[in-house]
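Predicted model, so just to flag it, every value in this text is computed and none were measured. Excluded from the calculations below are hydrogen atoms, water molecules and symmetry mates; all remaining heavy atoms, backbone and side chain alike, are included.
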Amino acid sequence: MNIMAVTLGVLSCLGGMAVPAASGWAAPSSPASAARAADMVARMRPEEKLSVLRAFPAPQAEGNDAGAGLLTWPGVPRLGLPALRMPRFDDPHPPASAMPQLPFLALAAGWDPALAHRAGVLRAHDEWGRGRAMVRVGGVDLLPSGRLQAGEDPFLAGVTAGMVASGLMAGHVVPVFAALRAEEQGRGDGVVALPATLPAAVGQFMNTSMMGLSVALETARGGALACGGMIHACGALSGLAGMLRDQWHFGGMLMAMPGTLAGTDGVPMPPMTAVGDGVDMEQAQGADEGVYAAPLRRALASGAVQPARVDQMAQHVLTSLYGTGVLDHPPPFTRDRKAAPAGPAPVEGLMADIGAEGMVLLQNENQVLPLDDRSGPVLLLATQDLAGPLATLGEALRHDGVRVSQSIVSRGAPPPPQASQVARVVMLTDRDADNAFITALADLGGHVVTIMMSDSPDRAMPWLDVVDSVIQAWSWHDEYAAPLAAMLTGTRDFSGHLPMTFTGGFYPPGMAYADYHAFESAHIAPLFPFGYGLSVGGEVSYGDVHVTHEDATHLGAAFSVTDTSDHPVRAVAQLYLTPPPEAGGVKRLVGWRSIALTPGHAAHVSIPVDPHLLGQWDATAGTWSVPAGTYTFSVGSSAVMLMHQASVRLPALHVPAMLENLPSPTSQGE
């Protein structure tokens with residue numbers, strides 16, 4: 001077997017939890033799907049080929065609102081291709097589902113691909129049953145999507161998004177990796193870290209957003225892409241079509257959101273421009289509107305666009321659809337009353353598990369946690385904005401046997417009198433405006449637990465040195481209450497790790513991105529680093545790292561992880577690479593293992609390393625350039641808490657943009 005087609009996309013199972021070794025780069029679409037698509041296109045009439053390049057609002061039958069807010073892809077009835085429905089991907093609030101939108105950052109904080117796959121399966125069940133054939137997947141994007149949306153590491157984001165997408169595909173729903181809203185691009189201080197001028201060369205983002213996208217596509221083994229929205233990503237990346245088709249061998253479709261085949265002045269672009277940008281399908285705002293309606297027909301008639309190009313576009317569209325089985329198992333146009341709905345129980349269980357695995361313990365001084373009867377009554381505080389979480393968490397704590405009182409407080413007012421009469425105060429907070437109140441609360445001299453309930457990695461924490469415990473609980477879902485109460489009371493341990501650096505509002509000078517690469521380059525320690533997370537009672541140690549390599553394209557690192565405490569612990573063992581200066585020189589995540597450990601026992605861990613992560617993108621050659629030099633691998637529990645390292649000397653290497661015929665992710669015992 002060609003060594004470039006070996007085991008880089010494998011999932012291993014340690015301690016009963018499936019986690020990634022390393023993902024290969026963007027794989028070609030399934031040959032069977034591409035072959036079926038080509039055969040179908042060959043059977044289509046010219047008008048039918050044009051029809052499959054568009055989705056648009058369809059008229060609703062009187063009294064039937066099942067398709068309200070959705071677009072319809074018309075299919076080809078003559079050839080048995082069913083019509084399909086999809087949301088507008090520029091709509092930040094798509095039509096209601098039984099499921100909430102997946103909380104990507106909380107999901108990524110669990111570092112658990114198996115949970116991400118399960119989330120995709122349940123989401124597919126709900127979307128398919130509601131007649132939707134496609135759904136947007138967050139976390140990765142053509143342009144950098146910002147830490148508030150995706151975290152900060154393209155490898156972690158790509159694997160997480162790819163596993164959600166693989167779950168969607170298992171349920172015959174097309175995952176669409178789509179452009180994001182402009183407001184999601186910003187960091188905490190309002191800076192938008194995008195190029196000053198567009199279009200920009202696609203190769204500029206091969207180490208960031210495009211890396212995450214390629215990992216997601218390979219992990220999912222299919223799907224579709226979308227461009228557009230408020231950031232005008234259609235045409236924003238020069239060379240995108242060549243990258244997708246010639247170097248990644250991606251056979252699926254790139255679609256444009258409604259209205260985004262127009263410039264910022266609202267004037268529609270010529271069809272040959274949209275075609276040249278690689279757009280295969282247009283989400284149109286009306287049945288007869290859009291660049292791929294009458295304008296494309298005129299361009300075909302004039303010879304500006306060739307029929308063979310339309311054939312390619314139609315094949316890309318059908319390849320994405322055949323790859324998920326949605327054309328063989330189309331969802332109903334009305335709610336399928338016979339299909340068993342995802343229902344409250346599975347969805348609530350999923351959201352509870354996302355909270356349980358994703359909540360991160362950042363600090364626990366004076367052994368304030370876990371709470372128990374010996375610590376006395378607990379006072380739970382929040383502002384009126386968090387009255388709902390206050391009530392659900394209070395109820396969960398009482399259910400777990402904790403004596404809890406609770407109170408709504410006002411910003412600017414002093415702490416309530418009972419705050420000085422209890423041994424433990426738990427404060428729920430979701431904004432910097434609470435900081436003065438938290439400081440005043442700690443000044444009373446009691447023990448304070450601060451629970452942060454927002455996704456901002458730039459939350460200021462001027463009270464950090466005067467409170468005892470700090471928990472990152474992410475944007476709140478009521479299903480988080482029971483697992484959070486269990487973690488507060490010690491019946492379950494914290495196991496989440498940060499998917500981005502928590503800065504405290506401080507950025508390294510001149511850095512557009514406050515990620516762990518920026519802090520590493522600036523030689524500054526962040527407040528809480530990427531990958532960080534504590535356990536209440538468990539502690540682990542790492543053994544020496546041993547690098548194994550048959551050659552430069554078949555690398556791996558092996559080490560042991562031991563639970564040195566008297567409590568079980570779930571460790572997230574993280575493997576980082578520091579390449580030589582000529583290969584970029586900046587430390588990067590190249591793999592991890594989530595491991596359930598028992599006291600006194602060790603797990604032996606082996607992590608293969610994708611050769612794409614060794615070097616830098618060479619836009620001229622269209623390959624990843626890996627210079628000869630010494631490459632250092634380090635293992636630990638965060639990007640800065642690294643215990644052991646080992647180095648290996650590698651020869652110069654050029655790695656293709658994608659690996660052919662990589663195995664699909666699987667789970668296997670170890």
Side-chain angles (χ1 to χ4, degrees), residues 1-10 20-28 153-156 158-159 201-219 239 242-243 246-249 515-517 520-521 545-558 574-592 606-635 639 642 645-663:
M1 181 182 293
N2 187 321
I3 198 159
M4 296 304 293
V6 197
T7 57
L8 298 176
V10 179
S23 176
W25 249 237
D153 184 84
F155 187 41
L156 175 61
V159 170
V202 66
Q204 178 180 340
F205 303 100
M206 281 297 287
N207 293 300
T208 54
S209 56
M210 294 299 289
M211 178 190 294
L213 183 62
S214 61
V215 170
L217 286 170
E218 160 59 21
T219 302
M243 174 75 72
D246 301 333
Q247 295 170 349
W248 287 11
H249 299 180
D515 58 15
Y516 68 95
H517 303 105
E520 176 85 3
S521 298
V545 181
H546 302 280
V547 178
T548 59
H549 64 107
E550 296 177 12
D551 58 28
T553 65
H554 199 185
L555 278 165
Q574 301 162 40
L575 181 67
Y576 293 85
L577 164 72
T578 302
E582 53 270 27
V586 178
K587 181 170 56 189
R588 64 189 71 160
L589 178 72
V590 294
W592 74 89
S606 179
I607 301 178
V609 178
D610 191 319
H612 295 87
L613 293 169
L614 300 176
Q616 296 288 311
W617 178 248
D618 184 339
T620 302
T623 62
W624 292 89
S625 176
V626 182
T630 299
Y631 292 75
T632 301
F633 295 88
S634 306
V635 65
L642 301 174
Q645 66 182 37
S647 299
V648 61
R649 179 80 182 176
L650 297 178
L653 179 70
H654 288 277
V655 183
M658 46 78 61
L659 299 182
E660 299 280 359
N661 302 319
L662 288 175

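Rounding to the nearest 0.5 Å places CG of Leu217 at 6.0 Å from CH2 of Trp248. Residue Asp618 holds its CG atom at 10.5 Å from CH2 of Trp624, rounded to the nearest 0.5 Å. Between atom CD of residue Glu520 and atom CG of residue Asp515 there is a gap of 11.0 Å, rounded to the nearest 0.5 Å. The distance from atom CZ of Phe205 to atom CE of Met211, rounded to the nearest 0.5 Å, is 13.5 Å. Atoms OG1 and CG, on Thr208 and Leu213 in that order, are 11.0 Å from each other to the nearest 0.5 Å. To the nearest 0.5 Å, atom OG of residue Ser214 and atom CD of residue Gln247 are 11.5 Å apart.
A distance-only check finds a donor-acceptor pair linking the side chain of Gln616 to the backbone of Ala583 [under 3.5 Å]. At distances below 3.5 Å, at least one donor-acceptor pair connects side-chain atoms of His612 with backbone N or O atoms of Pro656. With hydrogens and angles disregarded, a donor-acceptor distance shorter than 3.5 Å links the side chain of Lys587 to the backbone of Ala639.
Thr219 and Gly158 get closest at one heavy-atom pair: OG1-O, 4.4 Å. Nearest approach of Pro611 to Val626, heavy atoms of both residues: O-CG2, 4.1 Å. The minimum heavy-atom distance between Trp617 and Met243, with the atom names listed, is CZ2-CE, 3.7 Å. Across Glu582 and Ala628, no two heavy atoms sit closer than the pair OE2-O, 3.3 Å. The nearest pair of heavy atoms linking Ala557 to Val545 is CB-CG1, 4.1 Å. Annotation for Leu613 and Leu589: closest pair CD1-O, 4.2 Å, computed over non-hydrogen atoms.
Evaluation of the side-chain contact (heavy atoms from CB on, under 4.5 Å) rule for Ala201 yields Ser238 as partners, not counting sequence neighbours. Residues that satisfy the side chain to side chain donor-acceptor pair (under 3.5 Å) test with His546, not counting sequence neighbours, are absent from this structure.
Ser647 has its side chain within reach of Thr632: a pair of non-hydrogen atoms, C-beta onward, lies under 4.5 Å apart. For the pair Val609/Leu575, a side-chain contact is recorded, criterion being any heavy-atom separation below 4.5 Å from C-beta on. Between Val590 and Leu555 there is no side-chain heavy-atom pair separated by less than 4.5 Å. Taking the side chain as every heavy atom from C-beta outward, Phe155 and Asp610 never approach each other to under 4.5 Å.
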